[in-house]
Amino acid sequence: MDEKLDHILEQISKLQAMPAQLNTLNQRLLTMEEKLVKMNREINDMRDSVEFMENEVEQIKSAHNRKADCVAVTQVENKLSKMEGTVLSKLEELENRSRRNNLIFYGIPEGSESKDYHSCEQLIVDGILKDLMGLDIAKNDIERTSRIPRGSSSRDRPRPIKVCFLRHSDRDQVLHEAKCLKGKHFGGSRIFITDDVTVTVRDTRRRFRENLNSMSRSPGVKYAYVPWTVPLSVIVVKLDGTRQRLFKIE
């Protein structure tokens with residue numbers, strides 16, 4: 001009789017907790033809906049720009065057929081090329097902005113999420129953020145997690161895990177504390193964390209870092225580093241303590 005009563009009380013407790021869980025789920029859905037509305041608006045703006053470019057192309061063809069004016073055609077082509085570069089830059093910016101709440105976790109052994117944890121989110125929250133980094137971030141603070149498909153050059157390494165946080169502040173906190181993972185291991189593997197950016201940003205950031213040594217040896221410079229920010233830049237710290245942000249490296 002006592003066991004049945006305990007079972008009934010347990011079910012009642014679960015039912016009482018459901019409104020809070022549904023409220024959390026509703027808040028997450030509203031956040032996702034706001035993001036989708038904003039992205040759709042920006043994508044529509046990009047689509048309008050592309051349609052404008054297509055109209056310009058048709059005008060070029062008509063002008064070329066009528067007058068064969070090579071000078072005018074060249075000028076319009078240069079204009080279109082500039083517009084195309086602007087559109088591609090805006091699309092790149094939009095793509096990076098859509099990833100601003102994401103982080104990539106490298107080195108977590110395959111199958112860890114199913115072997116010792118109930119889900120990939122629980123693995124990140126308990127196994128990495130709490131146990132390895134000492135951070136108080138709950139499962140409800142994470143929108144979703146997933147393994148990234150393995151590339152052809154990384155067959156022997158575990159697939160990275162993409163973690164999408166609900167708040168940018170939580171993402172920044174985790175990235176800031178990622179330095180504490182140095183010397184620590186999870187499942188026998190070394191773990192490290194990066195931001196989630198496009199290939200273009202990663203390549204440009206790598207080129208920036210290749211120039212850090214020469215910049216640090218410049219007169220009056222103490223050191224230089226590339227921060228985790230987009231658009232990319234280099235912070236130069238001078239001997240007098242002042243800082244200078246550079247967006248281009250000559």
Task: hydrophobic_cluster_shared for Val125 and Leu166, side chain cutoff 4.5 Å - done: no
Open item on the list: A side-chain contact here means heavy atoms from C-beta on lying under 4.5 Å apart; do Val163 and Val174 qualify?
Closed with: no
Open item on the list: Using every non-hydrogen atom in the two residues, find where Lys130 and Asp126 come nearest and quote the distance to one decimal.
Closed with: CB-O, 3.6 Å
- [ ] Take Ile124 and Ile108 through the test side chain to side chain contact (heavy atoms under 4.5 Å, CB included) and record every step on the way to the result.
- [x] CA-CA 9 Å; Ile124 294 297; Ile108 299 176; 3.8 Å; yes
Open item on the list: A side-chain contact here means heavy atoms from C-beta on lying under 4.5 Å apart; do Met215 and Val221 qualify?
Closed with: no
TODO: Output the distance between atom CG (Leu91) and atom CG (Asn96), rounded to the nearest 0.5 Å.
DONE: 11.5 Å
TODO: Check whether more than 12 heavy atoms from other residues, nucleotides or ligands sit under 6.0 Å from atom NZ of Lys238, and answer yes or no.
DONE: no
Task: CD1 on Ile128 to CD on Gln122, rounded to 0.5 Å - done: 12.5 Å
Which donor-acceptor pairs under 3.5 Å do the side chains of residues 131-146 make with protein atoms, sequence neighbours left out?
from	atom 1	to	atom 2	distance (Å)
Asp141	OD1	Arg167	NH2	2.6
Asp141	OD2	Ala138	N	2.9
Glu143	OE1	Lys35	NZ	3.2

- [ ] Applying salt bridge (Lys or Arg N to Asp or Glu O under 4.0 Å) between Asp195 and each of Arg100, Arg205, Arg99, Arg202, report the one that passes.
- [x] Arg205
Task: same_hphob_cluster(Val201, Val234) at 4.5 Å side-chain heavy-atom cutoff - done: yes
TODO: Locate the shortest heavy-atom distance separating Val226 from Phe208; write the atom from each residue and the value.
DONE: CG2-CB, 3.8 Å
Task: Joint cluster assignment, Phe186 & Leu129, ILVMFWY side-chain distance < 4.5 Å - done: yes
Task: Arg97 CZ: over 12 foreign heavy atoms closer than 6.0 Å - done: yes
TODO: Provide the closest heavy-atom pair for Pro160 versus Ile104 in the form atom of the first, atom of the second, distance.
DONE: CB-CG2, 3.6 Å
Open item on the list: Measuring from atom OG1 of Thr200 to atom CD of Glu92, what distance do you get when rounded to the nearest 0.5 angstrom?
Closed with: 4.0 Å
Task: Evaluation steps, side-chain hydrogen bond (donor to acceptor under 3.5 Å, both in side chains), between Arg217 and Ser214 - done: CA-CA 5 Å; Arg217 291 193 294 268; Ser214 60; 5.4 Å; no
Task: NZ/Lys222: more than 12 non-hydrogen atoms of other groups inside 6.0 Å - done: no
- [ ] Say whether, by atom type as modelled, one donor and one acceptor occur between the side chain of Arg147 and the main chain of Arg159 under 3.5 angstrom.
- [x] yes
TODO: Report yes if some heavy atom in the side chain of Asn102 is under 4.5 Å from a heavy atom in the side chain of Cys164; otherwise report no.
DONE: yes
Task: Inter- and intrachain pairs under side chain to side chain donor-acceptor pair (under 3.5 Å), touching residues 172-182, at least two apart - done: His168-Asp172
- [ ] For the residue pair Arg209 and Arg206, establish whether any side-chain heavy-atom pair is separated by less than 4.5 Å.
- [x] no
Task: Approximate separation, where rounding is to 0.5 Å, of Leu103 CG and Asp196 CG - done: 8.0 Å
Task: Atom of Pro158, atom of Pro109 and distance for their closest heavy-atom approach - done: CB-CA, 4.1 Å
Task: Verify same cluster id: Leu175, Phe105 (apolar side-chain graph, 4.5 Å) - done: yes
Open item on the list: In this structure, would Tyr223 and Ile235 fall into the same cluster of hydrophobic residues linked by side-chain contacts under 4.5 Å?
Closed with: yes
